[in-house]
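Please read the structure below before turning to the comments.
Everything numeric in this text was worked out from a predicted model, so none of it was measured.
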Amino acid sequence: MTTIRHLDHADTLHLPVLGDGPFNFRHTVWKPSHYDTGLEAHTTDRSWRTIRIGDLAVGVRLTCEDRTVIADIYTDGDYKPAHRDELRTRLTTSYGLTEDLTAFTALAERVPAMREPLAALGGIRQSCPEDHFEISVVALLLQNTTVSRTTAMTRNLLAHHGLLVHFAGVTLRAWFTPAEIAHVTAECFKEQDRLGYRAKSLPYFAAFFRDHTAEDLLGANLVERFQEIKGVGPYTAAVMASHASRDPSVFGIDVWNRKIFARSLLGAPDADAEVITQRMNELFPGHAGTAALYLVEHDYLARPVAPLLHPAGISSWNQALEATTA
C-alpha cells in the first residue's frame with residue numbers, strides 16, 4: 001500500500017516574466033494536448049505540480065499576478081538554500097519566463113494559418129518541468145502508440161514506482177528517480193507495468209541518467225548523447241533533446257501532429273514529414289518548434305485531452321488518486 005506524503009509550505013518564489021512579448025499563464029502551464037499523468041492539476045487560474053530534486057519531493061502551486069509567476073513551495077524534506085536556487089532556475093527555464101517571443105510573433109502574424117492560434121494562445125510558452133530523465137521516459141512511452149495506451153503505461157509506472165503526495169489541497173503523483181528504479185528488471189516493467197517492448201529500454205534509461213547528471217550533459221550534443229542509450233534512435237533522441245534544450249527551431253513529427261501541420265500549412269489531409277519540415281522552416285526560420293507548439297495546442301483547444309478542473313471537482317480528483325493506494 002502506497003503511503004501519502006503530506007508536504008508542508010516551505011517557501012514562496014516570485015518569478016518575473018523577463019522575456020519580451022506577451023505571456024499567457026494559463027496555456028503556458030496547461031497544454032490541451034498533454035495527457036493526464038496525475039503529476040499536475042490545473043484550474044483556470046492556478047496550477048499544481050510535483051518536482052523531484054534528488055531525493056527531495058517538492059510540490060509547487062503556481063499562480064500569476066501581472067507578469068510575475070508566484071510559486072508556493074511545499075516539501076516534507078530538508079529544504080535548503082541550494083534547493084531554492086535550483087527551483088528558481090528550473091521553474092524559470094521550464095516555463096520559458098526569459099524567452100523572447102517577439103521574433104516568432106512577427107513571423108506568425110504574416111501566416112494566415114496562425115491567425116486563430118495567435119488570437120487564442122498568444123503568449124504561450126513551452127512547458128517542460130520534467131528533467132532530462134523524465135523527458136526521456138515520456139518520449140519512450142509515446143513511441144508508436146495511442147494516447148490512451150501511453151496514459152495507462154505512465155499511470156502504471158507512477159503508481160508502482162513513484163510517490164503520492166498531498167499539498168495545498170491537492171493530491172498528485174511524483175516521479176521516481178533513476179536510482180530508485182535502477183534495480184527494477186525489464187521483466188517487471190513488462191509484466192507489472194505493461195510496457196511491452198519498451199520494458200527492455202527503461203533499465204538502460206535509468207542507468208544512463210543515474211550516471212549522467214544534467215550538469216554532465218551541459219553543452220553536449222544531446223541528440224548524439226541520448227543515442228548512446230540502447231534502444232534510442234534519432235527520432236526519439238530529437239524529441240528528448242528538443243524538450244531538454246528548449247530549442248525553438250526543433251520539433252518532432254509523428255503520425256498525429258503530421259496531419260495537423262499538413263491541414264494547417266498545406267491544406268492537405270496528410271503529407272510527408274520532409275515536406276512539412278521544409279514548409280515550417282520556410283515560414284518560421286529559427287522558430288519552427290514554437291510554431292508547431294501553437295498549431296498543435298490550438299488544434300486540441302476545443303477538445304483537450306485532460307480538461308481544466310473546476311475548483312469544485314478537486315475533491316473528486318483527490319479521491320480518485322488516493323483510491324489507487326489500496
Side-chain angles (χ1 to χ4, degrees), residues 12-34 40-49 51 60-72 87-130 135 242-252 257 260-261 263-265 279-309:
T12 299
L13 303 177
H14 290 79
L15 309 172
V17 180
L18 300 175
D20 289 337
F23 177 66
N24 186 321
F25 172 74
R26 180 190 299 175
H27 289 112
T28 292
V29 296
W30 170 71
K31 297 296 189 296
S33 74
H34 288 190
E40 57 188 17
H42 312 276
T43 63
T44 57
D45 62 354
R46 64 192 57 211
S47 176
W48 295 260
R49 172 76 206 197
I51 292 177
V60 182
R61 181 181 61 191
L62 299 169
T63 55
C64 187
E65 295 181 5
D66 298 322
R67 286 177 67 88
T68 298
V69 174
I70 301 168
D72 286 301
L87 275 170
R88 178 180 292 277
T89 299
R90 183 161 169 182
L91 291 170
T92 297
T93 301
S94 296
Y95 296 107
L97 304 187
T98 62
E99 295 174 359
D100 185 347
L101 284 183
T102 54
F104 163 74
T105 302
L107 290 170
E109 286 174 344
R110 305 172 192 167
V111 180
M114 292 298 294
R115 287 174 186 160
E116 290 186 13
L118 280 176
L121 303 173
I124 187 177
R125 267 87 166 160
Q126 182 192 104
S127 56
C128 192
E130 292 82 10
I135 291 168
S242 65
H243 284 79
S245 65
R246 300 186 67 87
D247 185 340
S249 69
V250 177
F251 65 101
N257 62 25
I260 294 172
F261 302 146
R263 289 197 305 269
S264 300
L265 302 177
R279 186 59 173 158
M280 290 283 277
N281 288 327
E282 288 173 352
L283 292 172
F284 311 102
H287 298 275
T290 305
L293 172 70
Y294 273 70
L295 291 170
V296 169
E297 298 309 328
H298 183 256
D299 191 77
Y300 279 89
L301 190 56
R303 54 182 200 292
V305 177
L308 291 166
L309 287 175

- prompt: Nearest heavy-atom pair of Ala71 and Leu62: which atoms, and what distance?
  reply: CB-CD2, 3.6 Å
statement: Rounded to the nearest 0.5 angstrom, the CD-CG distance for Glu40 and Leu309 is 11.0 Å
- request: Calculate, to the nearest 0.5 Å, the distance between atoms CG and OG1 belonging to Leu18 and Thr68 respectively.
  value: 8.5 Å
field: Pro22 side chain near Ile124 side chain, heavy-atom distance below 4.5 Å
entry: no
query: Heavy atoms, side chains only, cut-off 4.5 Å: are Ile135 and Cys128 in contact?
result: yes
field: Quiz item: cation-pi between Arg303 and Tyr300, 6.0 Å / 45°
entry: yes
task: Check whether the side chains of Ser47 and His42 place a donor and an acceptor atom closer than 3.5 Å, and report yes or no.
output: yes
- line: Contacts of Asp247 meeting salt bridge (charged side-chain N to carboxylate O under 4.0 Å, His left out) (sequence neighbours excluded), chain-then-number -> none
task: For the pair Trp30 (side chain) and Ala306 (backbone), establish whether a donor and an acceptor sit closer than 3.5 Å, ignoring hydrogens and angles.
output: yes
- line: Shortest non-hydrogen pair, Met114 vs Ala108, comes out as CB-O, 3.4 Å
message: By the side chain to side chain donor-acceptor pair (under 3.5 Å) test, which pairs, at least two apart or in different chains, include something from residues 97-108?
response: Glu99-Arg246, Asp100-Thr102
- line: Tightest non-hydrogen contact, residues Lys31 and Ser127, listed as NZ-OG, 3.0 Å
- request: Check whether any side-chain heavy atom of Thr93 lies under 4.5 Å from a side-chain heavy atom of Leu91, and answer yes or no.
  value: no
message: Please report the interatomic distance OG(Ser94) to CZ(Arg49), rounded to the nearest 0.5 Å.
response: 8.5 Å
message: Could you report the tightest heavy-atom contact between Thr28 and Arg125, atom names first, then the distance?
response: OG1-N, 3.0 Å
field: Between CG on residue Asp72 and CZ on residue Arg61, distance to nearest 0.5 Å
entry: 4.5 Å
Side chain to side chain contact (heavy atoms under 4.5 Å, CB included) between Leu87 and Leu13, worked out: CA-CA 9 Å; Leu87 275 170; Leu13 303 177; 4.2 Å; yes
- prompt: Does the side chain of Glu109 come within less than 4.5 Å of Leu118's, by heavy atoms?
  reply: yes
- prompt: In Å, rounded to the nearest 0.5 Å, how long is the span from NE2 of His14 to CD1 of Ile70?
  reply: 4.5 Å
query: Going from CZ on Phe25 to CD on Glu65, what distance comes out if it is rounded to the nearest 0.5 angstrom?
result: 10.5 Å
- prompt: Can you check whether His27's main-chain N or O pairs, donor with acceptor, with Asn24's side chain at less than 3.5 Å?
  reply: yes
message: Is any side-chain heavy atom of Leu283 closer than 4.5 Å to one of Leu265?
response: yes
- prompt: If you look at every heavy atom in Val296 and Asn257, which pair is closest and at what distance?
  reply: CG2-CB, 3.9 Å
message: Is any side-chain heavy atom of Val305 closer than 4.5 Å to one of His34?
response: no
- prompt: Are Leu295 and Phe261 close enough that some pair of their side-chain heavy atoms sits under 4.5 Å apart?
  reply: yes
field: Any donor-acceptor pair under 3.5 Å from Glu297 side chain to Ser33 backbone
entry: yes
task: Report yes if some heavy atom in the side chain of Phe23 is under 4.5 Å from a heavy atom in the side chain of Leu97; otherwise report no.
output: yes
query: Using the ring of each side chain (for Trp, its six-membered ring), is Phe104 parallel, tilted or perpendicular to Phe284, with breaks at 30° and 60°?
result: tilted
query: Just one of Leu15, Val29, Val17 clears the side-chain contact (heavy atoms from CB on, under 4.5 Å) bar with Tyr95, so which one?
result: Val29
query: Do Arg90 and Glu130 meet the salt-bridge criterion of a basic N to acidic O distance under 4.0 Å?
result: no
Least distance between heavy atoms, Ala120 atom then His298 atom: CB-CD2, 4.0 Å
